[in-house]
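Working notes for the structure below.
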Amino acid sequence: MPELPEVETTRAGIEPHIIGHQIKAFHVRQPQLRWPIPTELATLLTGNRVQAVRRRAKYLLIDIAAGKSEDLLGTLIIHLGMSGSLRVINAKPYPDPKKHEHFDIEFDDCLVRFNDPRRFGACLWQAADEVDSRLQHLGPEPLSDTFNGDYIFAKSRGRSSAIKTFIMDQRIVVGVGNIYASESLFLAGINPKKAAGKVSKKKYQELVSAIKIVLDNAIAQGGTTLRDFTSSDGKAGYFAQELRVYGREGLGCIQCQQPIKQIVQGQRSTFYCTKCQR
DNA sequence: CACTAATCCTGGACGC
DNA sequence: TGCGTCCAGGATTAGT
């Protein structure tokens with residue numbers, strides 16, 4: 001499932017192919033994603049240019065300038081959900097879309113094609129003078145300096161929810177998904193069930209470092225794996241993780257051999273070592 | 001406001 | 001082999 005590193009890798013992968021380029025057409029085959037694709041999108045995009053390819057949390061933001069100007073018209077918001085991916089197709093004629101390939105953004109010399117079997121993804125439009133409600137209350141980027149021990153310690157005071165649930169709350173910090181939440185807590189040696197309000201400042205500093213390390217490593221790995229971005233298949237955006245606890249239920253902890261435990265928190269699986277994480 | 005549960009969807013794993 | 005069942009997960013929304 002695409003987490004922040006996959007989205008960042010996708011962003012970096014498509015950017016050089018589309019920045020500054022004019023959109024020739026926008027084709028929708030399945031508008032029913034998490035939210036319906038706005039029907040006016042083709043009209044809004046056609047004939048206009050890609051000004052920037054950005055990322056906020058796990059949202060891919062494609063700024064669109066009107067015609068040949070630099071005037072921002074609005075932003076195409078794409079979310080990969082849990083099974084989505086984008087790929088750039090250069091070879092002409094463009095291959096016929098397969099099942100689950102729900103929309104294409106067509107340029108003069110390439111096609112950006114969206115694939116999403118589970119349709120948890122989204123494709124939305126944000127006009128230049130508005131901020132989409134989904135982007136309004138997001139917490140800081142995990143890799144920014146704003147996300148530090150002092151910040152999250154202050155946010156956590158008085159909170160009774162489990163630390164694992166807490167760091168997955170997008171209002172606290174964005175981009176920490178289920179897999180990396182377990183991995184980060186293991187690296188920091190924190191029990192995922194511990195109340196967020198009872199974790200010390202020192203432990204929060206370790207947790208922040210752990211989150212940054214885990215995400216940085218994954219991005220670095222993704223960059224390598226997806227170097228050949230344009231020819232990648234529908235699995236673009238996924239890459240092998242070095243997972244220390246996630247999915248390793250019953251297997252020995254890499255530090256102490258204690259079997260890794262699996263529990264459910266907030267309807268999500270959590271994996272941790274009962275000895276190393278307290 | 002804080003927190004929990006339901007919800008969208010389909011491929012893949014598994015049991016019979 | 002095939003069918004049914006269950007599970008995975010991001011993040012919003014509804015409900016307590």
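Lettering follows sequence order; numbering is per chain, from 1.
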Nucleotide N/O of nucleotides 5-7 of chain C paired with protein N/O under 3.5 Å:
none

With a 4.0 Å cut-off on N to O distance, would you call A:Glu106 and A:Arg113 a salt bridge? no

Find the distance A:His137:NE2 to B:dC1:P and express it as a whole number of Å. 10 Å

In residues 27-37 of chain A, what residues come within less than 4.0 Å of DNA chain C, judged by heavy atoms? A:Arg34, A:Trp35

Among C:dG10, B:dT10, B:dC3, which nucleotide has an atom closest to any side-chain atom of A:Arg159? B:dC3

To the nearest 0.5 Å, what is the distance between SG (A:Cys253) and CZ (A:Arg244)? 11.0 Å

For B:dC9 and A:His100 - does any side-chain N or O of the residue sit under 4.0 Å from the phosphate oxygens OP1/OP2? no

So, does A:Tyr59 get its side chain near the phosphate of C:dT12, meaning an N or O under 4.0 Å from OP1 or OP2? yes

For A:Lys203, is there an ion pair with A:Glu206 - N to carboxylate O distance below 4.0 angstrom? yes

For the backbone of A:Arg119 and the side chain of A:Arg34, can you confirm whether one donor and one acceptor N or O come within less than 3.5 Å of each other? no

Does this structure show an ion pair linking A:Asp109 with A:Lys92, if we count only N-O contacts that are shorter than 4.0 Å? no

Measure from CG on A:Leu135 to C1' on C:dA11 and round the result to the nearest Å. 12 Å

Toward the 5' end of DNA chain B, by each residue's nearest nucleotide, A:Gln267 or A:Ser161: A:Ser161

Any idea which of B:dC3, C:dA11, B:dT10 is nearest the A:Ser160 side chain? B:dC3

CZ of A:Phe120 versus P of B:dG11: gap in Å, rounded? 13 Å

For the pair made of CD in A:Gln265 and P in B:dA5, what is the distance, rounded to whole Å? 12 Å

Roughly, in whole Å, what's the span from CD1 in A:Ile179 to C1' in C:dA8? 10 Å

What are the residues of residues 165-174 of chain A, sorted by number, that bring a heavy atom to within less than 4.0 Å of DNA chain C? A:Gln170

So does A:Ile77 get a backbone contact from the side chain of A:Thr75, meaning a donor-acceptor N/O pair under 3.5 Å? no

One thing to verify: whether A:Glu70 and A:Arg49 come together as a salt bridge, which I'm taking to mean a side-chain N less than 4.0 angstrom from a carboxylate O. yes

For the student: nearest non-hydrogen atoms of A:Ile260 and A:Phe271, plus distance: CG2-CB, 4.1 Å

Take the protein atom CZ of A:Arg119 and the nucleotide atom P of C:dG10, then report the distance between them rounded to whole Å. 19 Å

Nearest of B:dC9, C:dA8, C:dG10 to any side-chain atom of A:Asn178? C:dG10

Does a donor on one side chain and an acceptor on the other come within less than 3.5 Å for A:Lys261 and A:Thr274? no

Looking at A:Arg268, does any N or O in its side chain come under 4.0 Å of the phosphate oxygens OP1/OP2 on C:dA8? no

Starting from C1' on B:dT4, measure out to NZ on A:Lys193 and report it in whole angstrom. 18 Å

Would you please test A:Phe103 and A:Phe26 for ring-ring contact (aromatic ring centres under 6.0 Å, His included) and show each step? CA-CA 7 Å; A:Phe103 69 83; A:Phe26 181 69; 5.6 Å; yes

N/O (side chain, A:Lys99) to phosphate O (OP1/OP2, B:dG11) under 4.0 Å: yes

Within less than 4.0 Å of OP1 or OP2 of C:dA11, is there a side-chain N or O belonging to A:Arg134? no

Report, as yes or no, whether the 6.0 Å neighbourhood of atom CZ on A:Arg157 holds more than 12 heavy atoms from other residues, nucleotides or ligands. yes

Looking only at N and O atoms, is any donor in the side chain of A:Arg118 or the base of C:dA8 less than 3.5 Å from an acceptor on the other one? yes

Hey, mind stepping through A:Leu80 and A:Thr10 against side chain to side chain contact (heavy atoms under 4.5 Å, CB included) and telling me if it holds? CA-CA 10 Å; A:Leu80 302 178; A:Thr10 299; 4.1 Å; yes

